[in-house]
Engineer: 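Got a structure for you, questions after.
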Amino acid sequence: MRDPERRLSETRSHTRRRFLALAGATGAVGLAGCGGDGGDGGDGDSGDGGDGGSTDGSPSDLGTATVGVVNPITGAYSSLGPGQRNGAKLAVSQINGSDQYDLELDAVFEDTGTEAGAAQQSAQKLVQEDGARYLFGAISSSVALSLNEFAGQEEFVYFPGGAAVPITGSACNEWVFRVETNTAQVAEAISAYTVNNLGTNVWFHIADYAYGDSVYNRTKSRMQDANDEFTEVDVTRSELGSSNYGSFITQIGNSEADAVVLGMTGGDLINFVNQAAEEGLKDQVDLVGPTMSFLVVRGATKQNAVGTFGGVRYTVALETGDNGQFVDAFESEYDGTPDNFERVGYDSLRLIAKGMQEAGSTDPADARDALEGGTFTTVLGDVTLREGDHQATNPTWMSEMVEGEGDVATVDLLAQTEGEDALPPASDVDCEMG
Amino acid sequence: MTDPLLSLTGVRAGYDLTEVLRGVEMTVEEGSVVSLVGRNGVGKTTTLRAIVGNVTPTAGTVTFDGGDITQLPTERTIQRGITFVPEDRRVFPGLSVRENIEMGRLGAGGETSVDEVLETFENLKEREDSYGSVLSGGEQQMLAIARALVADPELLLLDEPTEGLAPYIVRDIEDIIRELNDQGITVLLVEQNIPVALDVSEYTYILGKGRIVHEGPAAAVREDTDVLDRHLGVGSVE
Amino acid sequence: MPAVANVVEQLLNGVTLGMVYVLLAAGLSIIFGVMDVINFSHGELFALGAYFALTLVDPLGATIGFPVALVLAPLAVGVVGAAIERFTVRPLYGRNPLYHILLTFGLVLIINDVIRFTWGQQQQQLAVPAALSQPVGAFGVRVALYNLFMIAVAAVLAAGTWLALNRTRYGMIVRAGSQDREMVRNVGIDIDRYYTLVFGFGAALAAVGGIVLGGAQNVNPNMGGSVIIPAFIIVVLGGLGSFRGAVFGGLLVGIIQTMTRTYLPVFEGLTIFLLMIAVLLVKPQGLFGNPEWGGGGEEDGELLVGAYGGVFTAGTRRRLGVLAVAALAVFPVVATVTDNGFYVTLANTMFVWALFALSLDFVMGSAGLVSLGHAMFFGVGAYTGALALLHLAPSFLVALVAAVLVPAGLAWVVGSLSIRVSGVYFAMITLAFAELLYSAVFKFEFTGGSDGLLGFDALLGLGGVGPRLSEIELTVAGLTVGSSVVFYYVALALSVGTLLVARRFMTAPFGSVLQSIGESDERAAFVGYDVTGYKRRAFVISGAIAGLAGGLLAVNPDTFVVSPDQTLHWINSGEVIVMTLLGGMGTLFGPMLGAGVFIGAEDVLSSHTDQWRMIIGAVFVVFVLFVPRGLVSIPALVARRFNAEGGDPPLGVDEEVNADD
């Protein structure tokens with residue numbers, strides 16, 4: 001095994017659930033004509049056991065579009081997947097119940113695990129058996145990359161939830177749009193601050209896969225630009241899904257590093273921070289993690305997170321865009337506060353719908369054209385899906401975790417980086433759209 | 001005429017798809033020494049294993065001390081007073097001499113203590129803490145017998161006790177068998193070594209092709225060159 | 001100075017990990033030593049301990065709850081272990097150890113699903129008393145106090161176990177049982193009763209390990225799966241059945257893993273498997289094992305092959321076969337017409353696995369070579385196929401040929417080395433090789449690391465000429481025939497063809513020699529056959545077929561990624577064994593049928609319930625216990641029921657009988 005402690009990824013696990021449209025579904029089975037020609041996987045399935053009913057009064061001019069939602073419910077990111085799914089569900093129910101949209105979304109769900117092979121099968125089921133022409137999801141960048149490929153081949157619109165740059169960089173294609181903030185954007189927010197305020201001797205510890213590499217590359221290059229005295233002390237890698245970081249923590253503690261940048265998220269980050277705290281690393285070195293601020297991470301690291309630093313893609317206290325209504329709607333629908341992945345699920349589905357709305361058609365090719373270069377209102381404000389790489393121009397922040405009420409740390413925002421400033425030009429990320 | 005201590009009637013047994021015993025009939029009187037001989041592969045060991053329960057007879061009956069033990073599991077048979085010293089001795093290699101004997105006592109032991117038995121076998125006492133695996137062949141044989149004795153058996157089954165042993169040790173074994181018999185233990189002895197078998201036992205059964213083909217007082221068989229030749233392939237016994 | 005401190009701290013890290021392994025391996029080793037049972041579910045019992053602890057600590061809080069959990073949870077798991085032994089393992093005594101592996105593999109599925117169902121899929125934190133969650137330092141060495149606590153607990157338990165084994169009556173009986181089980185019965189002790197105790201005790205030890213590690217890291221449903229392989233390695237290294245070996249092996253592996261990770265990261269994940277292979281080749285009984293002592297893998301029960309029991313005549317069988325092929329040929333048409341195209345995709349997956357299962361049966365069903373690492377040939381085949389498409393030529397023919405040749409070569413190397421040992425050791429060494437390859441594939445650029453290979457596409461043709469397989473869309477008789485259907489026929493042809501070729505081999509003298517080797521290596525050698533040569537040849541053919549299956553996976557237009565977990569992970573080796581047994585070993589077509597049924601059942605079940613793994617596990621356990629000869633034997637079983645004759649003589653009567661007298 002690459003790391004005998006690596007968790008077992010499911011090779012063939014799926015759960016399937018059909019999401020029933022809320023808000024006034026009359027129960028009439030609407031076999032509304034669906035756009036989308038060619039290819040296998042008939043769309044006639046939308047009447048299959050689910051109620052894709054029309055809401056009272058509101059005309060479904062454009063029809064119903066099937067959206068596949070794939071999230072990691074099992075595997076290394078199982079703590080993050082459900083949030084992503086809930087955000088998507090909220091958007092779907094809002095859209096289906098709203099007058100603003102002339103269409104309905106029929107969402108179908110699958111589990112990606114954390115492993116490309118399993119994700120591939122889940123996505124295939126959605127596309128071939130359920131007739132999904134739009135896909136959203138995945139958190140692992142490796143999984144997202146393989147789904148990019150799938151989308152390009154099968155020609156459907158895909159909104160990935162992974163953050164590694166290559167997703168809208170070297171592996172970009174015209175069918176992929178990203179609403180999630182990528183590592184380059186977060187790196188922009190944290191690099192300069194870290195190297196100018198926390199110390200110029202930096203150690204990098206990353207999980208050995210696409211996201212980790214992306215964090216390392218981006219952060220290192222931004223730090224080099226920000227401060228001449230930046231020194232990389234060392235870079236170490238662990239396997240995705242590892243549970244034991246003892247030996248790395250010991251090494252870092254015994255080095256001259258002022259700060260350590262952690263290119264990992266989810267369970268990995270949680271384990272690292274907890275173990276680091278137990279071994280006393282925090283007293284010696286500042287921990288900086290692009291995703292340290294995630295609610296799930298803070299919830300599981302509790303007091304151990306206090307005094308660490310993190311990038312922020314989203315936090316509930318933001319007053320940007322229509323975050324206010326999002327938070328209210330989410331909290332009344334679900335238990336608990338929304339965080340980054342809920343936001344990504346929510347805005348991704350919204351933009352999918354908005355794309356179709358603008359294009360006046362549920363055909364993915366039309367929606368794709370409408371989305372490219374378009375500017376839309378999201379929870380983070382007005383963002384543009386850039387023509388060059390289809391990446392949303394999200395703002396990002398640097399923060400410190402401080403004592404909160406209760407045992408979970410609170411995010412203290414230190415500095416904001418604007419959307420335009422956060423992203424390198426499309427040409428710099430090796431994206432060539434055909 | 002008292003009932004024999006052990007009797008087998010019409011016993012059939014075998015392994016998997018092969019039947020080895022095809023109806024064995026024999027009895028062992030209390031207090032006697034009986035030998036079971038025969039050519040290689042006729043089923044002598046299988047007979048003992050069938051008695052003890054390592055192999056379950058498919059037909060027939062095995063009676064011991066008035067009770068039917070045919071289908072009884074091995075451990076229960078042992079606890080009833082039969083002990084078994086198998087071919088190859090099979091001492092526990094990773095246990096010490098003392099522990100080996102202790103095992104025998106735990107299984108079916110009663111009044112005799114481990115120390116008492118060790119007194120009887122002096123050379124074992126000297127090596128009481130040695131592992132079973134380091135003992136010589138002869139010592140292992142002694143140990144196997146000692147292990148069987150600590151259980152105060154009524155019937156002792158010995159499977160080829162002299163196999164692979166030097167002649168002077170063979171003589172010791174013969175002496176031990178006689179000694180045990182004097183103390184009241186009934187012995188059923190399976191042997192390849194015909195002279196020893198006929199020498200030490202009172203009554204002999206000859207097994208051939210899964211059935212008893214001849215039986216009689218050992219002394220008589222000894223003189224019967226015809227029988228010796230036909231069933232055992234030996235010219236004479238000296 | 002810092003360098004020395006670093007080394008000391010790393011050593012302590014290694015010892016900490018090692019001690020957890022000791023807890024796990026000790027139970028596993030004793031269980032094997034005494035009962036000849038390879039308990040695959042040991043990892044899940046480990047996890048169960050952590051989860052029980054979670055249930056106790058959450059309401060009671062860490063300070064009270066944790067110590068309480070440390071005592072109560074292992075007891076509970078011990079009871080679970082005892083129950084497992086009593087009701088599922090005991091009926092299997094005397095059978096080939098493979099059946100224990102299979103049974104306990106089925107238990108893994110069941111227990112794991114129960115855990116997921118009861119406690120959820122997410123990782124959770126097990127709270128430990130605050131007093132322990134801090135670092136302590138001396139002489140410039142810093143270590144988490146909790147680590148020291150882990151070492152202490154494990155050491156106390158290990159010492160206690162040693163005392164129990166060597167200074168008590170029960171321990172002596174257990175030790176004797178691991179050396180010579182039948183002889184223990186021959187001295188009048190019912191060893192079976194002790195088994196339950198031993199199994200339960202081993203389970204409890206594992207549970208302590210789970211609690212202790214869960215507190216250090218976290219509690220998640222995958223924690224069992226991630227420790228079971230290292231546990232096996234340790235047990236083999238130390239010697240099956242040896243307690244001392246488990247202690248030594250556990251510490252050794254823990255330290256090696258930690259030190260490699262720090263100082264030789266490129267070797268991480270490889271060293272322990274290399275070590276295991278080395279030990280198996282040089283001293284298979286392990287560092288502390290003793291060849292004289294029983295409990296080794298040499299005593300094999302029989303592998304129960306699928307026997308159709310003569311219910312159908314050869315003629316009927318042939319007709320059934322033709323019928324089956326005809327039905328398969330017509331199926332895609334029916335599926336496309338009724339708009340069930342997805343089932344063609346599913347069938348394509350079935351073909352891939354059917355070939356894989358066939359490959360395993362080729363060596364397991366005749367020569368009795370139980371391979372626990374067959375996924376390596378499948379995976380290497382898939383990777384070779386994809387690489388060929390990416391770098392050599394986009395032709396599917398080239399890809400398939402490469403996918404057959406490279407694994408065959410690998411099988412030659414691996415087979416030659418592995419054949420030197422037999423029985424359980426053979427199984428373990430194949431597992432080690434497979435894990436080695438699995439770890440290795442993450443480390444190279446050209447294999448795509450953890451992301452796998454993407455972007456390969458097959459042409460249905462040769463030399464760059466031919467339609468792209470994934471883009472084929474024909475219209476035949478008014479129906480749109482897509483790439484999946486075209487691939488279906490390719491796969492069908494290959495499957496049937498390979499089956500026929502394999503049968504050819506088996507009905508030829510080659511096959512009979514393999515059969516005789518399967519019954520007794522020695523006898524076959526005495527008769528004059530080059531046993532090693534035959535085994536190796538069979539292994540190479542098997543590897544080639546498995547590679548073909550992998551190549552098919554790569555060429556399948558529905559496959560757009562070839563990744564390590566999907567192909568090389570040990571669970572694939574386990575699943576293919578399940579399929580083989582399910583269908584009926586030794587029949588060649590049985591395992592293929594088993595593969596189809598397994599995948600079909602998985603698909604159907606997963607649509608209806610989250611707990612499908614548990615159901616498959618339960619069905620499997622039932623099969624192992626009651627229908628060990630597989631699906632193909634069901635007609636015979638049914639026939640026997642209905643033709644109930646009174647006692648037919650269970651044994652044949654031979655004229656010249658020679659027993660091992």
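Chain identifiers are assigned alphabetically (A, B, ...) following the order of the sequence lines, protein sequences preceding nucleic acid strands; residue numbering begins at 1 within each chain.
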Engineer: Less than 3.5 Å apart, any donor N or O on the side chain of Gln251(A) or Asn6(C) sitting next to an acceptor on the other?
Structural biologist: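 There is no such pair (donor and acceptor under 3.5 Å, judged by atom type) between the side chains of Gln251(A) and Asn6(C).
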Engineer: Taking Val143(C)'s backbone N and O only, do any of them form a donor-acceptor pair with Glu279(A)'s side chain (distance below 3.5 Å, no angle check)?
Structural biologist: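 No.
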Engineer: With distance as the sole criterion, is a donor-acceptor pair present between the side chains of Thr345(C) and Gln128(A) under 3.5 Å?
Structural biologist: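 Yes, side-chain donor-acceptor contact under 3.5 Å.
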Engineer: Taking C-beta and beyond as the side chain, do Lys302(A) and Gln125(C) meet within less than 4.5 Å on heavy atoms?
Structural biologist: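 No, side chains not in contact.
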Engineer: Can you see whether Thr250(A) engages Asn13(C) through a side-chain donor-acceptor pair at a distance of less than 3.5 angstrom?
Structural biologist: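 Thr250(A) vs Asn13(C): donor-acceptor pair found between side chains.
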Engineer: Has the side chain of Glu278(A) got a donor or acceptor atom that lies under 3.5 Å from a matching backbone atom of Pro135(C)?
Structural biologist: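 Side chain of Glu278(A) to backbone of Pro135(C), a donor-acceptor pair under 3.5 Å: no, none is there.
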Engineer: Taking the side chain as everything from C-beta on, heavy atoms only, tell me whether Glu239(A) gets closer than 4.5 Å to Glu268(C).
Structural biologist: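 Result yes, sub-4.5 Å side-chain heavy-atom pair found.
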Engineer: With sequence neighbours left out, write down each residue that passes salt bridge (Lys or Arg N to Asp or Glu O under 4.0 Å) with Asp113(C), or none if nothing qualifies.
Structural biologist: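 For Asp113(C), the residues satisfying salt bridge (Lys or Arg N to Asp or Glu O under 4.0 Å) (neighbours in sequence not counted) are Arg613(C).
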Engineer: Where is the tightest heavy-atom contact between Gln121(C) and Thr74(A), given as atom of each residue plus distance?
Structural biologist: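 Scanning both residues, the minimum pair turns out to be OE1-CG2, 3.1 Å.
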Engineer: Under 4.5 Å between any side-chain heavy atoms of Pro82(A) and Gln122(C), yes or no?
Structural biologist: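 Yes, at least one pair of side-chain atoms sits under 4.5 Å.
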Engineer: Under a 4.5 Å heavy-atom cut-off, does chain C meet the side chain of Asp283(A), its backbone, both or neither?
Structural biologist: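 Just its side chain gets close to chain C.
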Engineer: So which atom in Gln123(C) and which in Asn271(A) form the shortest heavy-atom distance, rounded to 0.1 Å?
Structural biologist: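 Closest approach of Gln123(C) to Asn271(A): NE2-OD1, 3.6 Å.
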Engineer: Between Gln275(A) and chain C, which part of the residue has a heavy atom less than 4.5 Å away: side chain, backbone, both or neither?
Structural biologist: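 The side chain, not the backbone.
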Engineer: Using non-hydrogen atoms only, which part of Gln124(A) is less than 4.5 Å away from chain C: side chain, backbone, both, or neither?
Structural biologist: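 The side chain, not the backbone.
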Engineer: Where does Gln284(A) contact chain C at under 4.5 Å (heavy atoms): side chain, backbone, both or neither?
Structural biologist: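 For Gln284(A), the contact with chain C is made by the side chain alone.
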Engineer: Under 4.5 Å from any heavy atom of chain C, what part of Ile249(A) do you find: side chain, backbone, both or neither?
Structural biologist: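 Contact with chain C: none, neither part.
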Engineer: With a cut-off of 6.0 Å (strictly less than), are more than 12 heavy atoms of other residues, nucleotides or ligands near OH of Tyr343(C)?
Structural biologist: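 Counting neighbours around OH of Tyr343(C), 12 or fewer heavy atoms of other residues, nucleotides or ligands fall under 6.0 Å, so no.
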Engineer: If you apply the rule side chain to side chain contact (heavy atoms under 4.5 Å, CB included), what do you find for Arg142(C) with Asn254(A), and how did you get there?
Structural biologist: CA-CA 10 Å; Arg142(C) 294 182 72 126; Asn254(A) 286 328; over 6 Å; no
